[in-house]
K.L.:
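Take a look at this one; I'll ask things after.
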Amino acid sequence: MTADALDPVIHAPVRLRILATLAALPDGSSLSFTRLQDMLELTPGNLITHLRKLEDAGYVTSQKTGNGVASRTAVALTHRGRAALDTYAEALRDLLDGLPAVQ
Amino acid sequence: MNGTRDTSKMAPADPGGLDRREAARLLAETEREARRQFNLSPQWINVVMGAVILVAYGSLWLSTRGQHPYTGPSLGVVALVYAAVAVAFAVAVKVYRRATAGVSGPALLQQQAEGVAILVSFVLGSPVLQGAARHYGASDGIVYGVIPAAAPLIIVGTTALGIAASKADWLQFGAALAVVIAGVVAAFVGPSGAWLAAGIGLFIAVVGYGAVDARRPRRVTLGA
């Protein structure tokens, strides 16, 4: 197995952290954009950019409710996203098994 | 996949420039931190609850030990117990609100419904039985000793037992069962001894649950 086996959509620090954070919630749960932003310490623009890529891949969904200052965006991991993260972790584990230990 | 993977064919740098070890570390750390932030019962809160239980039930037992006839705990001790319960409740609410801020979904609604069920059984169970016992002329030992010490544990413990069974959470089931057993024991050791038995049983259940829960395997993607 080569590094190409790693899903390039997930294999980026910010997107990896987004998925890992959402995966810590129970199935079907969603997290507000602001809480996710706080937890990952990202700027809104940076988070939006990466969420868009994850949404395009079908790994997360986002839903906006309300209008104006009362609006709230909730982000959730999809079943496909959870499966992709599991596959990614499995591939990563296999790759690490083949690497010499770090001194 | 076998144990003789040729690592020389692996790309030295991963796509996106993220090193594999760094990715593994990032994934494990992020999962751990997220679980810590979403955790509704961190270790320290079990310690706080254990301390509150010891202070509250210990004070009630010391206040009533050796009473003949049994008249119940002093008002000062009752005030101390209410204060301790209020502090514990406030701490639990603060932890809950911090952990669930921004979280929504069916799992959260289910947790809230479970919380309401526990609260209702705690608030209503014992006072109703005490009132009925007083109405039918039961002694102070029963009304202000046995029932308030044993009934909440049996009622709340049974409620928690049902919740745990419905979720197949066997650790929570075991802790709830221990609470029910403590309540049953407390019902038969006299009005003063009831506080001691209830306190010890509840302390073991809460702190034991916390200790075992901390060692419970979690769904961690990399197991790191």
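The model shown is predicted, which means the values in this text are computed figures rather than measured ones. By convention in this document, chain letters (A, B, ...) are assigned in the order of the sequence lines, proteins followed by strands, and residues within each chain are numbered from 1.
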K.L.:
Do the side chains of A:Glu55 and A:Arg52 get close enough for a salt bridge, i.e. N-O under 4.0 angstrom?
P.N.:
no
K.L.:
In terms of heavy-atom pairs under 4.5 Å with chain B, which of A:Asp38, A:Leu40, A:Leu25 leads?
P.N.:
A:Leu25
K.L.:
So does B:Ala211 get a backbone contact from the side chain of B:Arg215, meaning a donor-acceptor N/O pair under 3.5 Å?
P.N.:
yes
K.L.:
Taking every non-hydrogen pair under 4.5 Å, which of B:Ala101, B:Ser104, B:Gly105 racks up the most with chain A?
P.N.:
B:Ser104
K.L.:
So for A:Tyr88, is it side chain, backbone, both, or neither that comes closer than 4.5 Å to the heavy atoms of chain B?
P.N.:
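The side chain, not the backbone.
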K.L.:
Please classify the contact of A:Thr34 with chain B as side chain, backbone, both or neither, using a heavy-atom distance under 4.5 Å.
P.N.:
neither
K.L.:
Salt bridge between B:Glu29 and A:Arg17, side-chain N to carboxylate O under 4.0 Å?
P.N.:
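Salt bridge between B:Glu29 and A:Arg17, a charged N being under 4.0 Å from a carboxylate O: no.
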K.L.:
With side-chain hydrogen bond (donor to acceptor under 3.5 Å, both in side chains) as the criterion, how do B:Thr30 and A:Thr21 come out once you've worked through the C-alpha distance, each side chain's angles and the decisive distance to 0.1 Å?
P.N.:
CA-CA 6 Å; B:Thr30 307; A:Thr21 300; 5.6 Å; no
